[in-house]
**Student:** 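A single structure is presented below for examination.
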Amino acid sequence: MTARPADAGAGAGFGGPVDDSLRDQVADHLARYDDGVLPIVQAGHPVLRRPAAPYTGQLGDLFPRLVEAMRTTMHAAPGVGLAAPQVGLGLAVAVLQDAGVTDPEDADLRERHPVPFRVLVNPSYAPVGDEQRAFFEGCLSVSGWQAVVARHRSVRLTGQDEHGAPLDEVLTGWPARIVQHETDHLRGELYLDRAELRSLASNDNMMRFWGGTPDPVEASEALGFRLP
């Protein structure tokens with residue numbers, strides 16, 4: 001493993017050295033996929049269970065290419081968030097974007113409104129208040145399944161953006177849920193670790209039995225699990 005000073009302009013807020021060995025590995029990985037869509041690893045892959053290393057500038061001027069590949073992969077999946085471990089890279093980086101939903105009742109119930117594309121580097125969150133909300137949730141690395149997860153309704157997000165600028169903000173509703181889900185990935189956790197396992201449903205059955213409303217009350221009564 002070799003290292004050299006960070007490239008000028010490649011994320012001015014990241015002062016750590018470039019890791020040439022890691023940079024070459026990532027460059028080779030990105031070069032294999034001309035369309036920019038990277039394979040998403042599935043549950044059982046060890047990278048999903050290891051805490052991700054903080055990003056300090058190890059990729060230098062390659063970092064924007066990785067971010068763009070993650071963005072392309074997230075859109076192609078499609079999903080509303082993607083963490084670097086999900087494409088096999090154990091660095092604390094995630095991307096997210098959500099177009100929201102068109103049904104006003106759904107949008108109000110889940111507090112799900114559009115989130116523009118953004119990059120989270122070395123993110124962390126802390127609950128704001130005690131309120132939790134429970135909804136069905138899925139994951140690109142647990143393909144084909146959903147389960148009900150109770151999460152903090154509001155969280156304080158800290159970390160950095162793709163330029164190394166500090167983040168410190170409070171998020172509520174579905175944006176807070178996405179941040180919790182993606183940040184958990186960087187801790188080596190999957191949503192199933194927090195889910196009501198009696199609610200676990202294939203995507204087909206979730207839509208067949210519970211797709212009429214995002215409210216999981218009927219599912220909890222039929223499947224026998226508690227809501228907060």
**Student:** Looking at CE of Met74 and CG of Leu140, how far apart are the two atoms once the value is rounded to the nearest 0.5 Å?
**Tutor:**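 With rounding to 0.5 Å, CE (Met74) is 9.5 Å from CG (Leu140).
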**Student:** Roughly how far, to the nearest 0.5 Å, is the CD atom of Glu182 from the CG atom of Leu96?
**Tutor:**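 It comes to 7.0 Å.
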**Student:** Backbone N or O of Val128 within a donor-acceptor pair of the Ser154 side chain at under 3.5 Å?
**Tutor:**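 The answer is no, because no donor-acceptor pair under 3.5 Å joins these two groups.
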**Student:** Look at atom CD of Gln132 and say whether more than 12 heavy atoms of other residues, nucleotides or ligands are closer to it than 6.0 Å.
**Tutor:**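 Count over threshold, so yes.
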**Student:** Taking C-beta and beyond as the side chain, do Leu89 and Leu22 meet within less than 4.5 Å on heavy atoms?
**Tutor:**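 Leu89 vs Leu22: side chains touch.
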**Student:** Apart from Leu186 itself, which Ile, Leu, Val, Met, Phe, Trp or Tyr residues share its cluster (side-chain heavy atoms under 4.5 Å, direct or through members)?
**Tutor:**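 When side chains under 4.5 Å apart are linked, Leu186 ends up in no cluster with other residues.
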**Student:** Is Trp174 close to Val115 at the side-chain level, that is, under 4.5 Å between some pair of heavy atoms?
**Tutor:**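 Result no, sub-4.5 Å side-chain heavy-atom pair not found.
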**Student:** Under a 4.5 Å cut-off applied to non-hydrogen side-chain atoms, are Arg71 and Val67 in contact?
**Tutor:**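 In short, these two side chains do not touch, never coming nearer than 4.5 Å.
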**Student:** Distance from His185 atom NE2 to Cys139 atom SG, nearest 0.5 Å?
**Tutor:**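 Spacing of NE2 (His185) from SG (Cys139) equals 3.5 Å.
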**Student:** If I take atom NE2 from residue His152 and atom CG from residue Leu171, how far apart are they, to the nearest 0.5 angstrom?
**Tutor:**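 Going from the NE2 atom of His152 to the CG atom of Leu171 covers 13.0 Å.
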**Student:** Give me each pair satisfying salt bridge (charged side-chain N to carboxylate O under 4.0 Å, His left out) with a member in residues 185-213, each pair once, sequence neighbours excluded.
**Tutor:**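 Applying salt bridge (charged side-chain N to carboxylate O under 4.0 Å, His left out) to every pair that reaches into residues 185-213, excluding sequence neighbours, yields Arg49-Asp193, Asp184-Arg187, Asp184-Arg194, Glu189-Arg194.
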**Student:** Side-chain contact test, heavy atoms from C-beta onward, threshold under 4.5 Å: evaluate it for Pro123 versus Leu167 and give yes or no.
**Tutor:**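 In short, these two side chains do not touch, never coming nearer than 4.5 Å.
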**Student:** Going by heavy atoms in the side chains, are Val119 and Asp161 under 4.5 Å from each other?
**Tutor:**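 When only atoms from C-beta onward are counted, Asp161 and Val119 do not touch, as no gap falls below 4.5 Å.
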**Student:** What residue pairs, at least two apart or across chains, pass salt bridge (charged side-chain N to carboxylate O under 4.0 Å, His left out) with a residue in residues 114-137?
**Tutor:**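 Only Glu111-Arg133, Arg118-Glu169, Glu131-Arg153, Glu137-Arg151, Glu137-Arg177 qualify under salt bridge (charged side-chain N to carboxylate O under 4.0 Å, His left out).
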**Student:** Report yes if some heavy atom in the side chain of Ser143 is under 4.5 Å from a heavy atom in the side chain of Gln42; otherwise report no.
**Tutor:**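 Touching, per the 4.5 Å side-chain cut-off.
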**Student:** Return the CD1 to CG distance between Ile178 and Leu82, rounded to the nearest 0.5 Å.
**Tutor:**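 Rounded to the nearest 0.5 Å, the CD1-CG separation comes out at 12.5 Å.
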**Student:** With respect to Phe14, which candidate in Glu162, Gln58, His163, Gln160 satisfies the side-chain contact (heavy atoms from CB on, under 4.5 Å) definition?
**Tutor:**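 Between Phe14 and the candidates, side-chain contact (heavy atoms from CB on, under 4.5 Å) is satisfied uniquely by Gln160.
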**Student:** In the structure I gave you, are the side-chain heavy atoms of Leu30 and Leu62 within less than 4.5 Å of one another anywhere?
**Tutor:**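 Yes. Closest side-chain heavy atoms under 4.5 Å.
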**Student:** List for me each residue that meets side chain to side chain donor-acceptor pair (under 3.5 Å) alongside Arg112, sequence neighbours excluded, and say none if there are none.
**Tutor:**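 With sequence neighbours excluded, Arg112 shows a side chain to side chain donor-acceptor pair (under 3.5 Å) to Asp98, given in chain and number order.
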**Student:** For His75, enumerate each residue passing the side chain to side chain donor-acceptor pair (under 3.5 Å) test, keeping only those at least two apart in sequence or located in another chain.
**Tutor:**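 For His75 the side chain to side chain donor-acceptor pair (under 3.5 Å) partners, ignoring immediate neighbours, are Gln97.
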**Student:** How about Leu192 and Leu200: do any of their side-chain heavy atoms sit closer than 4.5 Å?
**Tutor:**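 Yes. Closest side-chain heavy atoms under 4.5 Å.
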**Student:** Which hydrophobic side chains are connected to Val217, either touching it within the sub-4.5 Å cutoff or through other members that do?
**Tutor:**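 Besides Val217, the cluster holds Phe136, Val148, Met206, Met207, Phe209, Trp210, Leu223, Phe225, Leu227.
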